[in-house]
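The structure appears right after this line, and notes come after that.
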Amino acid sequence: MTALQHVKLGTYFVVHMPEPDDFTFWRERARQLVQCDVPPDRVAWVEPGGNGSLFSHGDRRLPVPDDATRVIRASKRFLSIARNVAHHSDPERFSLLYAMLWRLQSNPRLMEDKADSQVRRLEDMDKSVRRDAHKMHAFVRFRMVEDEDGNEHYVAWFEPDHHIVRREAGFFVRRFANMHWSILTPRGCIHWDGETLRESGPAQKSDAPQGDPAEDLWRKYYASIFNPARLKIGAMLKEMPRKYWKNMPEAALIPELVAGAQKRESEMVDAGAMQFEDRPETLAAIDKAIHACRKCPIGSLENQAVMGEGPDDASLMIVGEQPGDQEDQAGKPFVGPAGQVLDAALETAGIERSQTYVTNAVKHFKYVQRGKRRLHQSPTAKEIDVCRWWHEAERAIVKPKVVLAMGASAARAMLGKTVSITQARGEPIPLDDGSELWVTAHPSYLLRLNGEAKAEQERLFAADLAAVKERLGELVE
Ligand code: URA
């Protein structure tokens, strides 16, 4: 039967929406129905959990248009309003949108008619959804709980008026990218573990922790991630209009941070941190320059740059990932638990640390604040690549014969690409300055293992150091 025959016969169509907020699904079905000239009073739009049995006489198989290329008229204004209206809680929203789309075919400027009651209703729904989204941005308040593994998890309860939770997830992911959090709502929940966003079904208020919101913590966290070189007031205002700032725990800091930002940025420029043109020619000059480096956001955390340590003519240069908490406090590389593993292994291999230049691929400690603790965060490939400037400058001065890169970040720092430790270890890799690179695991990795796996990795680590020692014996008379 053709689409036209269907319509002539008065077929009634039922569209079951898979999700309450699926604008794309609605748009595809609506286009198909308009192309088949199905008037609004012949279509029922049923949302999940809606009463489809009322329309049991309806046909769930939609007609196929005779001409699927037929152009459908929908003004930009209609589409932008429709995108929001699809999230409204009114069960009639999809029917209303379809009715409007239908009318737009004969009157493409209909959305400009402020006297039209359907236009006004859609505009009110659009406004209400936008207001709800802003409310969610401004009023979500997290409480801290510990999960089964003792990690901090932030949980908030929010009651949206509309189906906006999934849509607004991106805002919270961007704002709290490094935290683990859940937002529970009666319309469904979202969960972020620092990497993946997960959804789950509706929750009740009693599922969320009670007590004081962790606002102090947010403030500290926000101040620690605030990077003056990245300040974009326009973007901040777009995400969160100024009138809502007063509701955000961290907002009290914004005027102060904004005012301080320019000063901090010009200090960085004065210190030469913004230019990478002239490579420092002494280790002392590198040491001074890295303290002012803000080429990546890590330098703007509360930390200090940690310079490499050792003789400026060492034949062996050891490269780790980045300073840890203890190294940051001491201002020296490898003095914490990973340093102890390294020291013990060097001793076993017969390599004297005092004759070795020990440094890191990334000069600042990257962490996320969790209560009083600063938890290590791996640097991104981009951060490692930006920091190459500094260890290459160190290498150009020290001129080691052998470089030992410990762990994937250090290996990337030396080679400019990500390599597998298992594949890269055990053989020298020639470097452009005539020296050679050896790759091994990071001592922190050994600290995280237990039992057989630990024993095996310790054995491989010791074998790598022994090979480096032997090679040094061959290269250095
Ligand atoms: N881990 C590193 O990679 N470097 C240090 O200095 C300490 C721990």
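Numbering of ligands and ligand atoms starts at 1, following listing order. This chain uses plain numbering: 1 for the first residue, then up along the sequence.
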Worksheet item: From His163 NE2 over to Thr185 OG1, what is the distance, rounded to the nearest 0.5 angstrom?
Response: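 Going from NE2 on His163 over to OG1 on Thr185, the span is 10.0 Å.
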Numbering the atoms of ligand 1 from 1, which are under 4.0 Å from a heavy atom of [X]?
{"X": "Asn360", "value": "2 (C), 3 (O), 4 (N), 5 (C), 6 (O)"}
{"X": "Pro333", "value": "6 (O)"}
{"X": "Gly320", "value": "3 (O)"}
{"X": "Glu321", "value": "2 (C), 3 (O)"}

Fill in: Positive for ring-ring contact (aromatic ring centres under 6.0 Å, His included) with His162, one of His134, His87, His88
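Answer to the ring-ring contact (aromatic ring centres under 6.0 Å, His included) test with His162 among His134, His87, His88: His88.
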Worksheet item: So, do Phe171 and His137 have ring centers that fall under 6.0 Å from each other?
Response: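 Yes, close enough.
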Discussion item. Any donor-acceptor pair under 3.5 Å linking the side-chain atoms of Asn84 with those of Asp126?
Written reply: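 Note: Asp126 and Asn84 side chains meet the donor-acceptor criterion.
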Worksheet item: Is the closest heavy atom of His442 to ligand 1 under 4.0 Å?
Response: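 His442: in contact with ligand 1 (<4.0 Å).
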Worksheet entry | Location of contacts on Glu327 toward ligand 1, heavy atoms closer than 4.0 Å |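 For Glu327, the contact with ligand 1 is made by the side chain alone.
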Fill in: Arg29 to Phe25, cation-pi by 6.0 Å centre distance and 45° axis angle
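Yes - Arg29 lies over the ring of Phe25, closer than 6.0 Å to its centre and within 45° of its axis.
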Fill in: Ser182/His191 under side-chain hydrogen bond (donor to acceptor under 3.5 Å, both in side chains): CA gap, chis, key distance, verdict
CA-CA 4 Å; Ser182 296; His191 313 269; 2.9 Å; yes
Item to complete: Among all protein heavy atoms, pick out the one at the shortest distance from atom 5 (C) of ligand 1; state its residue, atom name and that distance to 0.1 Å.
Response: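 The protein heavy atom lying closest is Gln322 O, 3.3 Å.
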